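For reference, positions follow the sequence shown, starting with 1. Being a predicted model, the structure only gives us computed values, none of them experimental.
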Amino acid sequence: MDDLVRPNIGAEFRRQRLGHFPDASAYARYRHSYDRAMADLPAPDEVQDVPTGFGTVRVYRFGTDGADAGRPLLLLPGRTASTPMWASNLAGLTASRRAVYTADLLGEPGLSVQSKPFASSADQGVWLAELLTGLGLDRTHLLGVSIGGWTAFQLARHAPEKVASLSLLDPANLFGRITWKAVAVSLGSIGPFPESWRLRLLSWISGGADLSGDEPVADLISAGMREFTSFLPPPTYFSDEQVAAVDVPTLAVIAGRSIIHNPDRAADRARRLLAQGVVELWPDASHALNGEFPERVSTRVLAFIDQLDADGVPRDHS
């Protein structure tokens, strides 16, 4: 896979507070992990680098010929994960959707390239709205995991007219505040620690999953933490009034074994505040639920968005 846009490599990008790789060797190591993980995905129908006011966003389009078109679905990954984290989900999601897009988050490890620093976390909603405009997409379904879920919600606050629905998989810092455990994982993942420690921390946040270096997505996430420097404003924790003001059909799946937040409190807050919310607590799921339960995730998300496309009414299937 060739670069369509030159990546940020070198110390000048640190001075500009832009996400970057410190040197060409770091980029080469990361790119090896990225391409290895991408090899487990189906071949995309289209690859684009879409310009926005904050940089170019790498987007892939997947689909199944003859599938019901419906509205397009855009997938937003968790922190440092990028498109390959959806490897186990794409087959199920594209089975009944002709257009499923994935995007590497801007300012994060991946093939998106940041060109303007973020002034605040609100800018995440701005570039995402510009991305949808650049793709020629109007009302779009969004599926986000962890910080990808938070980013999707930020879009719904900034440009609700562009959002057909939100499906949020254990979104970070949205319905529950980040716990000390999640902070420990974040700090430990970027510190000067052995790779075995980094993988142990990732396994902890993923409910004890085997995240050895032989697993391509785990290797990619670890490489992103190790080789890439981000300058991201902390995600805002929205007030009750701000959450309640988002009048968009929303499926919120909270992982019962998550260490990101208190799951019971997060589910209760989501049920209390979401204007058009369907909230489910999956007691057997960790924060890495999209990889743990790919068929269950695909089935539930597709049922939710298919119902909305059919009659516009979100329904609780739990």
Closest approach of [X] to [Y] (non-hydrogen atoms, all atoms of both residues):
X	Y	answer
S82	Y34	OG-CE1, 3.6 Å
A255	S286	CB-O, 3.2 Å
V246	A275	O-CB, 3.9 Å
L105	S112	O-CB, 4.1 Å

Does any non-hydrogen side-chain atom of [Y] lie less than 4.5 Å from one of [X]?
X	Y	value
I254	W282	no
I147	P235	yes
P117	L18	yes
R61	P44	no
V57	D49	no
F21	T229	no
R29	S25	yes
T102	V59	no

Any chance you could lay out the salt bridge (Lys or Arg N to Asp or Glu O under 4.0 Å) test for R79 and E108, step after step, and finish with the verdict?
-> CA-CA 7 Å; R79 182 138 285 170; E108 298 260 12; 2.8 Å; yes
Out of curiosity, does M225 fall in the hydrophobic cluster containing F231 (side-chain heavy atoms, cut-off under 4.5 Å, transitive links)?
->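 Different hydrophobic clusters.
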Ring centre gap for Y60 and Y101 strictly below 6.0 Å =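 Aromatic pair excluded; centres sit 6.0 Å or further apart.
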Over 60° means perpendicular and under 30° means parallel, so classify the ring planes of F238 and W150, tilted if in between.
->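 The arrangement is parallel - the two ring planes meet at less than 30°.
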Measure up the H20 and F228 rings against each other and bin them: parallel (under 30°), tilted (30 to 60°), perpendicular (over 60°).
->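 Judged by the thresholds at 30° and 60°, the geometry between H20 and F228 is tilted.
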Any sub-3.5 Å donor-acceptor pair from D170's side-chain atoms to I260's backbone N or O?
->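 Absent.
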Ignoring hydrogens and geometry, is there a side-chain-to-backbone donor-acceptor pair from D23 to A26 under 3.5 Å?
->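 Indeed, once roles are kept as given, a pair shorter than 3.5 Å links the two residues.
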Salt-bridged, E292 to R257, with N to O below 4.0 Å?
->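 Salt bridge between E292 and R257, a charged N being under 4.0 Å from a carboxylate O: yes.
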Does R271 come within less than 4.0 Å of D268, counting only side-chain N to carboxylate O?
->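 Counted as a salt bridge, because a side-chain N and a carboxylate O are separated by less than 4.0 Å.
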Start with the C-alpha gap between R226 and D219, add the side-chain angles, then the distance that decides, and say whether salt bridge (Lys or Arg N to Asp or Glu O under 4.0 Å) holds.
-> CA-CA 10 Å; R226 186 178 62 248; D219 176 62; 5.2 Å; no
First locate atom CG of N290, then atom NE2 of H287, and finally report the distance between them rounded to the nearest 0.5 Å.
->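 Reported value, rounded in 0.5 Å steps: 9.0 Å.
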For the [atom1] atom on [X], are there more than 12 heavy atoms of other groups (residues, nucleotides or ligands in this structure) within a distance under 6.0 Å?
X	atom1	answer
R17	CZ	no
R265	CZ	no
E295	CD	no

Are [X] and [Y] close enough that a side-chain donor and a side-chain acceptor fall under 3.5 Å?
X	Y	answer
H141	S167	no
T52	K116	no
Q276	D247	yes

side-chain contact (heavy atoms from CB on, under 4.5 Å) between R97 and D309: does it pass, once the steps are laid out?
-> CA-CA 12 Å; R97 291 274 146 174; D309 283 352; 2.9 Å; yes
Give the C-alpha distance, both sets of side-chain angles, the deciding distance and a yes or no for side chain to side chain donor-acceptor pair (under 3.5 Å) between N89 and S298.
-> CA-CA 7 Å; N89 306 105; S298 297; 4.6 Å; no
Output, in order, the C-alpha distance, side-chain angles, deciding distance and verdict of salt bridge (Lys or Arg N to Asp or Glu O under 4.0 Å) for R71 and D138.
-> CA-CA 9 Å; R71 293 189 181 276; D138 191 7; 5.9 Å; no
